[in-house]
Number of protein chains: 2
Amino acid sequence: MTMNIKDVSTRTGLPAKTIRYYEDIGLIRPDRQANGYRDFSDTDCHKLAFLSRARTLGFSIEDCRTLLGLYEDEARASADVRQIAAHHLDQIDKRLTELLELRDTLQRLVSSCAGDNRPDCPILNDLANVRTSTKRSSAGS
Amino acid sequence: MTMNIKDVSTRTGLPAKTIRYYEDIGLIRPDRQANGYRDFSDTDCHKLAFLSRARTLGFSIEDCRTLLGLYEDEARASADVRQIAAHHLDQIDKRLTELLELRDTLQRLVSSCAGDNRPDCPILNDLANVRTSTKRSSAGS
DNA sequence: CATAAGGGTTCCACTAGATGGAAGGTCAAG
DNA sequence: CTTGACCTTCCATCTAGTGGAACCCTTATG
């Protein structure tokens with residue numbers, strides 16, 4: 001009962017290309033059949049599902065590699081896992097803060113622009129650092 | 001009064017490498033001195049500041065290129081600028097929604113993990129799709 | 001048996017937006 | 001003359017895949 005790459009792709013939802021890529025970078029090591037085709041075990045499939053979920057949660061490939069290692073290590077400490085996840089969460093919080101600020105600025109700019117066929121545009125003025133009525137950070141002369 | 005790349009870098013806050021890169025992809029076209037050094041005009045410097053700000057606002061390089069074109073086009077319609085910014089804003093909103101959901105999930109996982117020296121870990125269980133007390137999406141049976 | 005469809009394989013190129021570094025030219029000061 | 005701080009180009013690297021070409025394998029059908 002061999003499992004070819006397409007079967008695994010269907011089961012895990014990962015594109016075949018991605019599965020090959022994951023083998024390439026050493027995340028999985030499927031067997032080979034006599035004809036050269038990859039032969040995936042249930043364990044391989046399980047690992048790929050694990051990776052898929054971890055990637056969906058935004059973990060980097062290197063984090064995924066570590067997490068997979070911890071997953072397979074019966075003697076792991078949950079602290080190690082938690083530390084990785086907590087750090088990732090921190091990064092996401094940072095990114096969120098940045099994006100929220102970005103959104104505010106963009107919202108202000110977009111709503112201050114008439115969006116008609118005249119050339120005058122507060123968005124371009126902001127980009128060119130030409131101060132218009134729409135104020136940005138305090139910078140008096 | 002020539003302006004070398006370092007001067008422009010200092011003025012705009014952009015690394016020299018980035019400035020060269022921007023020339024490479026055709027965002028600016030500084031003159032050259034006899035010795036081959038780039039010779040930046042005030043206009044070049046201004047454009048780079050514009051690009052720097054636009055990149056800070058998260059616009060893609062291609063958007064930046066278009067925005068710069070519009071900026072220099074006296075006959076532009078502000079609608080064109082607004083459309084680009086509004087679309088960018090939409091993308092950011094989408095990203096924000098994703099990140100917020102991601103954060104919730106991660107927060108739940110991290111806080112459900114003891115983070116001690118024992119191997120049992122709800123985070124790994126989630127990744128391996130092993131259902132523990134911490135519930136994720138409804139998937140009965 | 002030939003062949004065509006639908007698998008599989010490898011390998012190389014490309015994406016975005018820079019950044020690091022090597023190898024070498026230029027310039028001003030001491 | 002040499003030192004150090006500039007400048008130049010070019011190539012490689014990063015993330016996480018994705019697209020495509022060229023080619024091999026398997027199975028069903030005429």
Side-chain angles (χ1 to χ4, degrees), chain A residues 1-40 44-45 47-48 50-68 87-88 91-92 95 98 102, chain B residues 1-40 44-45 47-48 50-68 84 88 91-92 95 98 102:
Chain A
M1 238 276 329
T2 62
M3 235 195 314
N4 282 348
I5 200 162
K6 192 73 182 303
D7 309 317
V8 181
S9 171
T10 304
R11 281 208 202 177
T12 63
L14 289 171
K17 275 271 182 188
T18 301
I19 296 172
R20 289 196 197 96
Y21 174 65
Y22 285 175
E23 180 187 17
D24 220 50
I25 62 176
L27 289 176
I28 51 165
R29 289 180 211 290
D31 280 348
R32 293 291 175 140
Q33 299 164 25
N35 59 12
Y37 288 17
R38 287 169 184 81
D39 187 6
F40 296 88
D44 292 324
C45 208
K47 280 193 199 178
L48 285 167
F50 181 102
L51 290 168
S52 176
R53 170 87 180 136
R55 290 291 300 131
T56 297
L57 291 183
F59 287 103
S60 72
I61 288 286
E62 283 320 302
D63 277 353
C64 288
R65 192 188 301 277
T66 309
L67 289 170
L68 200 51
H87 181 252
H88 180 42
Q91 296 305 112
I92 286 176
R95 189 82 193 103
E98 290 170 12
L102 220 57
Chain B
M1 237 277 329
T2 62
M3 235 195 316
N4 282 348
I5 201 162
K6 192 70 180 304
D7 308 318
V8 181
S9 171
T10 304
R11 281 209 203 178
T12 63
L14 289 171
K17 276 271 181 189
T18 301
I19 297 172
R20 289 194 198 98
Y21 173 66
Y22 285 174
E23 180 188 16
D24 221 48
I25 62 176
L27 289 175
I28 51 164
R29 289 179 212 288
D31 280 347
R32 293 291 175 140
Q33 299 167 26
N35 58 13
Y37 288 18
R38 288 170 184 79
D39 188 6
F40 296 88
D44 292 323
C45 208
K47 281 194 201 178
L48 285 167
F50 181 104
L51 290 168
S52 175
R53 171 86 179 135
R55 290 291 298 132
T56 298
L57 289 182
F59 286 103
S60 71
I61 289 286
E62 283 320 300
D63 276 354
C64 287
R65 193 189 300 277
T66 308
L67 289 170
L68 200 51
I84 292 170
H88 180 42
Q91 296 305 110
I92 285 175
R95 189 83 192 103
E98 290 169 12
L102 220 58

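Below, all heavy atoms of this structure are taken into account, side chains as well, without hydrogens, waters or symmetry copies.
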*Asks:* Between B:N35 (CG) and C:dA28 (C1'), how many Å, whole number?
*Replies:*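 Value for this atom pair: 13 Å.
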*Asks:* Any side-chain heavy-atom pair from B:N4 and B:Y37 closer than 4.5 angstrom?
*Replies:*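 Of all side-chain heavy-atom pairs linking B:Y37 with B:N4, at least one is under 4.5 Å.
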*Asks:* One pair to check against salt bridge (charged side-chain N to carboxylate O under 4.0 Å, His left out): B:R95 and B:E98. What are the steps and the verdict?
*Replies:* CA-CA 5 Å; B:R95 189 83 192 103; B:E98 290 169 12; 2.7 Å; yes
*Asks:* What range of DNA chain D does chain B touch, first nucleotide to last, counting atoms under 4.0 Å from its heavy atoms?
*Replies:* D:dC6 to D:dC10
*Asks:* Whole angstroms only, please: what is the CG-C1' distance between B:N4 and C:dG25?
*Replies:*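 My rounded result for the distance is 14 Å.
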*Asks:* Is there side-chain contact between A:R32 and A:R38, with at least one heavy-atom pair below 4.5 Å?
*Replies:*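 Touching, per the 4.5 Å side-chain cut-off.
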*Asks:* Using only atom types and a distance under 3.5 Å, with no angle test, would you say the side chain of A:H88 pairs donor to acceptor with the backbone of A:L57?
*Replies:* yes
*Asks:* Round to the nearest Å and state the distance from B:D7 atom CG to C:dC27 atom C1'.
*Replies:* 14 Å
*Asks:* Main chain of B:I25, side chain of B:R65: is a donor-acceptor contact present, judged purely on distance under 3.5 Å?
*Replies:*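 Yes: the side chain of B:R65 pairs with the backbone of B:I25.
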*Asks:* List the protein contact pattern of nucleotides 15-23 of chain C with one symbol per nucleotide (5' to 3'): B for base contact, S for sugar-phosphate-only contact, - for none; contact means a heavy-atom distance under 4.0 Å.
*Replies:* --BBSBB--
*Asks:* Of all residues at least two apart in sequence or in a different chain, which pass the side-chain contact (heavy atoms from CB on, under 4.5 Å) check with B:T12?
*Replies:* B:V8, B:L14, B:I19, B:C45, B:L48
*Asks:* Between A:I61 and A:Y22, is there a side-chain heavy-atom distance shorter than 4.5 Å?
*Replies:*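 Side-chain contact under 4.5 Å: yes.
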*Asks:* Between C:dT10 atom C1' and A:Y37 atom OH, what is the distance in whole Å?
*Replies:* 13 Å
*Asks:* Counting just side-chain N and O atoms, does A:R38 come under 4.0 Å of either OP1 or OP2 of C:dG7?
*Replies:*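 It does not, given that no N or O in the side chain of A:R38 lies less than 4.0 Å from OP1 or OP2 of C:dG7.
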*Asks:* Scan B:I5 against the nucleic acid and name what it touches under 4.0 Å (heavy atoms): base, sugar-phosphate only, or nothing.
*Replies:* sugar-phosphate
*Asks:* Mind listing the closest non-hydrogen atom pair of A:I28 and A:F40 along with its distance?
*Replies:*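 Closest approach of A:I28 to A:F40: CD1-CE2, 4.0 Å.
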